[in-house]
Amino acid sequence: MDANEVNKVAGAVLGMLTLAMGIGFFSGALVSPKPMKKAGYELPDNSGAATGGAAPAAAEAAEPIAKRLASADLAKGESAAKKCVSCHQFSKDGKNGQGPALYGILNKAKAAVAGFNYSAGMKDAAGKGGKWDYESLDKFLTNPKGYVPGTSMGFAGVPRPDERANIIFYLRSLAETPAALP
Ligand code: HEC
């Protein structure tokens, strides 16, 4: 085979490949995938503004916490809350560690656990008022640094809305008489 023939063969092979690819593209365009019954993502109803820029996308499509709590699972919440125990204690006689003790945190004022040295950011949030109700816990746990800028809670957040609801449902149970559900 001289160089010319080699070129011809190479050309033929390339031509075949191009044709095969072309057919692939063309048939791909003809046979389009079946439309899904339900869209892959739901547009948020936009009533609750999305929290801080870095919040995971899933957070925006979340149903309101009141709705998610209705189907929350205490056991799953307790197990998901293992993420917190390196810094927080949950028992009634729990001590402050890297984070404040969290028994009875639901409906407690922000930055109000005795003896804990809060960050300026958290004190600031407390200064603006409000307590840890279901909504604020949901927002804080979605993206701690987005909700409380300057917080010293070194935790990325819980992106899954249902998992957050389970954790908050568990936090609610840490009280003599758990607060009413929203
Ligand atoms: C790496 C350690 C760490 C982890 C993990 C962590 N936290 Fe925290 N958390 C902190 C610190 C530190 C603070 C105090 C923040 C401040 O002062 O800005 C805090 C504050 C809080 C507060 C506010 C308490 C108050 O008295 O105002 C809540 C609520 C809370 N954490 C819940 C959780 C939950 C629920 C989890 C698990 C899903 C979790 N945290 C995981 C360290 C952590």
Side-chain angles (χ1 to χ4, degrees), residues 41-42 44-45 47-182:
Y41 59 91
E42 275 165 12
D45 71 359
S47 50
T51 43
E60 296 184 27
E63 298 206 76
I65 180 67
K67 206 160 175 198
R68 274 176 285 137
L69 278 171
S71 53
D73 183 309
L74 189 62
K76 281 188 189 158
E78 181 167 7
S79 122
K82 295 212 165 75
K83 294 178 182 171
C84 327
V85 299
S86 57
C87 303
H88 292 288
Q89 293 190 11
F90 293 121
S91 60
K92 195 176 172 186
D93 55 357
K95 310 252 177 322
N96 295 333
Q98 201 179 325
L102 288 184
Y103 185 87
I105 192 68
L106 183 72
N107 288 337
K108 194 183 186 106
K110 292 172 185 167
V113 173
F116 187 80
N117 188 13
Y118 289 95
S119 66
M122 187 62 82
K123 285 184 197 151
D124 206 40
K128 288 180 189 137
K131 49 181 188 169
W132 287 119
D133 58 11
Y134 294 110
E135 298 242 319
S136 52
L137 279 172
D138 191 42
K139 287 182 186 150
F140 182 57
L141 294 180
T142 305
N143 179 4
K145 292 193 162 56
Y147 184 66
V148 178
T151 180
S152 55
M153 172 150 136
F155 179 72
V158 180
R160 273 183 40 208
D162 59 328
E163 188 179 350
R164 279 198 312 276
N166 291 339
I167 292 176
I168 293 167
F169 195 52
Y170 170 65
L171 292 178
R172 168 186 176 265
S173 77
L174 306 174
E176 301 280 279
T177 19
L181 283 168

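Both counts, for ligands and for their atoms, begin at 1 and track the order of listing. In this chain, residues are counted from 1 in sequence order.
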Note to self: D73 vs F169, test: side-chain contact (heavy atoms from CB on, under 4.5 Å). Steps then yes/no.
What the structure shows: CA-CA 7 Å; D73 183 309; F169 195 52; over 6 Å; no
Next item on the list: Could you check Q89 against Y103 for side-chain contact (heavy atoms from CB on, under 4.5 Å), going step by step and ending with a plain yes or no?
Entry: CA-CA 8 Å; Q89 293 190 11; Y103 185 87; over 6 Å; no
Next item on the list: Nearest 0.5 Å please: distance from the OH atom of Y147 over to the CE atom of M122.
Entry: 9.5 Å
Check: Is there an N/O/S atom in C84 that lies less than 2.8 Å from atom 8 (Fe) of ligand 1?
Finding: no
Check: Does G154 have a non-hydrogen atom less than 4.0 Å from ligand 1?
Finding: yes
Notebook entry, point to check: ligand 1 and W132, any nitrogen or oxygen pair closer than 3.5 angstrom?
Noted result: yes
Checklist line | Nearest atoms (heavy-atom pairs only) where V113 meets N96 | finding: CG1-OD1, 3.3 Å
Check: Taking 4.0 angstrom as the limit, do K131 and D133 come out as a salt bridge?
Finding: no
Item checked: Presence of salt bridge, E176 and K92, under 4.0 angstrom -> yes
Notebook entry, point to check: For ligand 1, is there an atom lying under 4.0 Å from some heavy atom of G121?
Noted result: no
Checklist line | Heavy atom of the protein closest to atom 26 (O) of ligand 1 (residue, atom name, distance) | finding: Y118 OH, 2.5 Å
Notebook entry, point to check: In the protein, what heavy atom is nearest to atom 22 (C) of ligand 1, and what distance, to one decimal place, separates them?
Noted result: F140 CE2, 3.6 Å
Notebook entry, point to check: Got the closest protein heavy atom to atom 17 (O) of ligand 1, with its distance?
Noted result: S119 N, 2.8 Å
Notebook entry, point to check: Taking atom 13 (C) of ligand 1 as the point of reference, which of A112, G97, P100 owns the nearest heavy atom?
Noted result: P100
Check: So is T151 polar-close to ligand 1, meaning N/O to N/O under 3.5 Å?
Finding: yes
Note to self: Please list the nearest protein heavy atom to atom 12 (C) of ligand 1 with its residue and the distance rounded to 0.1 Å.
What the structure shows: Q98 O, 3.1 Å
Note to self: C84 vs F90, test: side-chain contact (heavy atoms from CB on, under 4.5 Å). Steps then yes/no.
What the structure shows: CA-CA 9 Å; C84 327; F90 293 121; 3.7 Å; yes
Check: N/O to N/O below 3.5 Å, does that happen between S152 and ligand 1?
Finding: yes
Margin query: Does K108 have more than 12 heavy atoms from other residues, nucleotides or ligands lying within 6.0 Å of its NZ?
Written below: yes
Check: What's the shortest distance from atom 14 (C) of ligand 1 to any protein heavy atom, and which residue and atom give it?
Finding: F116 CE2, 3.6 Å
Check: Which atom names give the shortest non-hydrogen contact between R164 and V158, and what distance separates them?
Finding: NH1-O, 2.9 Å
Next item on the list: Can you sort out which atoms of ligand 1 are near V113, meaning under 4.0 Å from one of its heavy atoms?
Entry: 26 (O)
Note to self: Nearest 0.5 angstrom please: F140 CZ to E135 CD, how far?
What the structure shows: 16.0 Å
Next item on the list: Looking only at protein heavy atoms, identify the closest one to atom 29 (C) of ligand 1 and say how far it is in Å.
Entry: L137 CD2, 3.5 Å
Check: Who's the nearest protein heavy-atom neighbour of atom 32 (C) of ligand 1, and how far?
Finding: L102 CD1, 3.5 Å
Next item on the list: Can you pull out the closest protein heavy atom to atom 2 (C) of ligand 1? Residue, atom name and distance to 0.1 Å, please.
Entry: C87 SG, 1.8 Å
Note to self: Heavy-atom distances under 4.0 Å decide this one: backbone, side chain, both or neither, for I105 against ligand 1?
What the structure shows: side chain
Note to self: With a 4.0 Å cut-off on N to O distance, would you call R68 and D138 a salt bridge?
What the structure shows: yes
Next item on the list: Determine which of the N, O or S atoms in H88 is closest to atom 8 (Fe) of ligand 1 and give its atom name.
Entry: NE2
Check: When only distance counts, is K83 in polar contact with ligand 1, meaning an N/O pair under 3.5 Å?
Finding: no
Next item on the list: Measure the CD1-NZ distance between I167 and K83 for me, rounded to the nearest 0.5 Å.
Entry: 5.5 Å
